[in-house]
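Structure record follows, encoded as structure tokens.
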Amino acid sequence: MAKKKSLYKCSECGYESSGYLGKCPECGSWGSLKEVLEDTKKAVKKEKSVRSKAMQLKTVTSSNSDRLKTSFEEFNRVMGEGIVKDSVTILTAKPGAGKSTLLLQIANDACKKGLKVLYASGEESESQIKQRADRILDTIEDDLYIISDMSLDNIKEEVLRVDADMVVVDSIQTVELDEYKPSRPASPTQTVECAYELVNLAKNIQRPRIVFIVGQMTKDDELRGVRTLEHLVDTVLVMDTYQNDSLRTIIASKNRYGATGEMGFMNMQEKGLVSIDNPSEYFVSSRKENNFPGSAITVNMEGTRPVILEVEALVTKSYTPYPSRISENMSREKLNTLLSIMEKRLIVDMFDKNVVIKSMGGLKLKEDASNLALIAAIYSQLVNKVLSSDTVYIADISLTGELKKVSQLERRLKEAERMGYKRAVISSEAKLSTKFTKLELIKCSSLIDALKIK
């Protein structure tokens with residue numbers, strides 16, 4: 001007869017603990033942990049693991065070169081120039097961002113390249129998935145299979161039956177293993193154990209598979225569940241939305257096969273997500289000449305890639321004791337710091353001015369390299385001076401009003417030259433090994449000198 005042991009389970013979220021807790025660590029509910037009895041002997045017996053043998057590192061075949069290239073160049077970039085064929089990737093985003101849409105497009109594209117794909121959903125029915133496919137896919141490939149089931153045991157059986165090369169599970173918080181019932185889906189036990197099963201499915205030496213997992217996001221914009229989930233998988237992708245409802249960015253917060261922090265840009269359209277293959281063109285106004293004050297061009301590094309970015313400023317007189325400082329692309333503290341530098345070093349009054357900052361596409365202004373362009377745009381609006389549309393501003397500003405050099409400057413300048421810009425205002429501290437024939441470099445030591453340029 002199987003022995004019973006005490007277990008405390010949260011009645012709100014299903015969190016399990018070996019001891020009593022007044023407050024559930026998972027959902028924060030008080031007094032929700034109730035004692036239950038559980039068999040120490042599991043109903044399903046696990047298979048004995050195969051013994052591994054030590055190998056010489058230099059004799060191991062690397063799967064890094066064996067990658068699947070999709071038709072979405074921006075997705076390939078984030079994944080490390082393609083998808084490794086025994087990898088596990090988790091994609092998370094806010095509800096409605098387009099997680100399921102993207103993975104359905106990737107799945108159908110993989111079928112075009114000769115792979116069999118099983119798309120498993122615990123959230124949507126087969127008819128709902130078909131309706132989305134009819135809307136976003138021109139043709140649905142024969143080797144794209146779907147299943148709507150919350151049982152991971154059933155999903156695994158179907159993977160083996162159709163001999164799928166790629167598996168998509170949407171989402172990890174909706175599936176469960178029979179072995180770990182009565183723990184419900186989304187509980188820490190079910191989530192982690194289901195993730196282990198999917199990792200084992202992908203890493204099978206005799207039959208490696210690509211596995212994509214959709215992960216739900218918390219209200220704090222973090223991947224829902226225990227941190228173990230992030231450690232288990234090879235790649236963690238975070239999809240974000242911006243002020244521009246159609247813009248989507250995909251960032252690799254973890255990638256064992258590529259650069260961490262790499263960013264891809266996609267545009268949500270009626271037919272699904274479309275790769276933005278030239279972001280430098282996307283994040284700049286299409287007008288040929290800059291006829292308006294309050295606009296400046298800079299070059300941001302998004303991951304390992306330089307992107308041309310237009311920043312805009314609006315300055316108006318304030319009739320209240322506390323003028324407005326508005327920017328959804330940068331922190332208010334940083335904006336106030338830049339305005340203080342302007343007031344002190346340029347001898348201008350900003351205490352009675354409302355200042356609004358925006359960037360094209362709503363892209364975040366995280367880098368200090370854009371500080372010179374920000375101040376140039378604000379000053380341009382303040383004094384009603386139009387800045388040249390063929391000039392880029394790439395420098396940080398110190399509190400003393402000096403221009404400071406920035407990292408990866410040569411890559412930024414090469415991108416500016418490639419996009420046809422004629423001049424670049426940079427710090428006099430910058431030391432370059434590359435000669436630019438089509439791009440004039442204007443080196444300035446101070447903010448005052450930089451803003452005197454016509």
Side-chain angles (χ1 to χ4, degrees), residues 240-245 247 282-287 289-302 307-389 391-404 406 412 424-427 444 446-454:
D240 201 358
T241 58
Y242 288 83
Q243 298 164 311
N244 182 348
D245 292 338
L247 177 65
Y282 183 86
F283 293 110
V284 178
S285 297
S286 57
R287 57 179 180 267
E289 294 184 3
N290 187 5
N291 300 320
F292 303 94
S295 172
I297 308 295
T298 187
V299 186
N300 266 18
M301 293 298 299
E302 300 296 343
V307 175
I308 306 292
L309 177 64
E310 181 178 353
V311 294
E312 298 174 337
L314 177 64
V315 180
T316 62
K317 186 172 179 59
S318 174
Y319 296 94
T320 64
Y322 301 99
S324 298
R325 305 284 190 256
I326 302 173
S327 176
E328 297 181 5
N329 313 107
M330 61 188 296
S331 67
R332 180 178 294 184
E333 289 75 14
K334 181 177 179 180
L335 177 56
N336 283 330
T337 300
L338 295 179
L339 295 177
S340 297
I341 294 173
M342 287 184 62
E343 196 163 27
K344 181 68 174 178
R345 305 304 168 189
L346 300 178
I347 318 298
V348 293
D349 292 332
M350 302 301 299
F351 68 90
D352 59 346
K353 302 294 190 300
N354 297 317
V355 180
V356 183
I357 295 294
K358 288 190 68 175
S359 62
M360 285 292 295
L363 204 61
K364 302 293 185 183
L365 301 172
K366 299 174 291 186
E367 282 201 302
D368 291 334
S370 62
N371 287 349
L372 176 58
L374 282 165
I375 290 182
I378 296 170
Y379 187 76
S380 164
Q381 171 73 188
L382 184 66
V383 300
N384 198 32
K385 173 187 175 182
V386 177
L387 300 178
S388 173
S389 60
T391 302
V392 294
Y393 296 83
I394 313 171
D396 187 14
I397 307 294
S398 69
L399 296 180
T400 58
E402 298 170 293
L403 268 60
K404 311 298 290 186
V406 298
R412 300 173 198 261
V425 181
I426 61 176
S427 169
C444 301
S446 69
L447 180 58
I448 295 176
D449 294 337
L451 296 180
K452 286 181 180 178
I453 298 169
K454 297 182 180 181

- Item | side-chain contact (heavy atoms from CB on, under 4.5 Å) assessment of V348 paired with Y379 | CA-CA 9 Å; V348 293; Y379 187 76; 4.2 Å; yes
- So, the side chain of E312 versus the backbone of S295: is there a donor-acceptor pair under 3.5 Å, distance only? no
- Query: Does the side chain of S327 reach to within under 4.5 Å of the side chain of K334, using non-hydrogen atoms?
  - Reply: no
- Got I397 and L403 here, is their nearest side-chain heavy-atom distance under 4.5 Å? yes
- Closest contact, heavy atoms only, A373 versus A296: O-CB, 3.4 Å
- Do you know which two heavy atoms are closest between Y282 and M360, and how far apart they sit? O-CE, 4.4 Å
- Message: I need the minimum non-hydrogen distance between G294 and S380, along with the two atoms involved.
- Response: N-OG, 2.8 Å
- Less than 4.5 Å apart, any side-chain heavy atom of N336 and any of E333? no
- With distance as the sole test, does N354 use its side chain to make a donor-acceptor pair with the main-chain N or O of S324 at under 3.5 Å? yes
- Enter the distance from M350:CE to S318:OG here, rounded to the nearest 0.5 Å. 11.0 Å
- So I426 and V406, side-chain contact (heavy atoms from CB on, under 4.5 Å) or not? Walk me through it. CA-CA 9 Å; I426 61 176; V406 298; over 6 Å; no
- Message: Within this structure, what is the CG-NZ distance for the pair L372 and K404, rounded to the nearest 0.5 Å?
- Response: 13.5 Å
- Task: Please check if atom NZ in K385 has more than 12 non-hydrogen atoms from other residues, nucleotides or ligands closer than 6.0 Å.
- Result: yes
- Item | Atom pair CG/NZ of D240 and K364 - distance to nearest 0.5 Å | 6.5 Å
- Out of curiosity, L314 CG to L382 CG, how far, rounded to the nearest 0.5 Å? 11.5 Å
- Mind listing the closest non-hydrogen atom pair of S398 and T400 along with its distance? OG-OG1, 2.7 Å
- Message: Counting C-beta onward and ignoring hydrogens, is there a side-chain heavy-atom pair between L387 and I297 closer than 4.5 Å?
- Response: no
- Task: Go through the steps for I357 and L335 under the test side-chain contact (heavy atoms from CB on, under 4.5 Å), then give the verdict.
- Result: CA-CA 9 Å; I357 295 294; L335 177 56; 3.8 Å; yes
- Task: Using a 4.5 Å cut-off on heavy atoms from C-beta on, say whether the side chain of M330 contacts that of L374.
- Result: yes
- Distance from K358 atom NZ to I326 atom CD1, nearest 0.5 Å? 11.0 Å
- Message: Would you say that E367 contacts R412 through its side chain, given a criterion of any heavy-atom pair below 4.5 Å between the two side chains?
- Response: yes
- Query: How far apart are the closest heavy atoms of V425 and C444, and which atoms are they?
  - Reply: CG1-SG, 4.1 Å
- Note on the structure: Between N329 and G362, the two heavy atoms sitting closest are ND2-O, 3.2 Å
- Message: Would you compute the distance between atom CG of L338 and atom CD1 of I378 and round it to the nearest 0.5 angstrom?
- Response: 6.5 Å
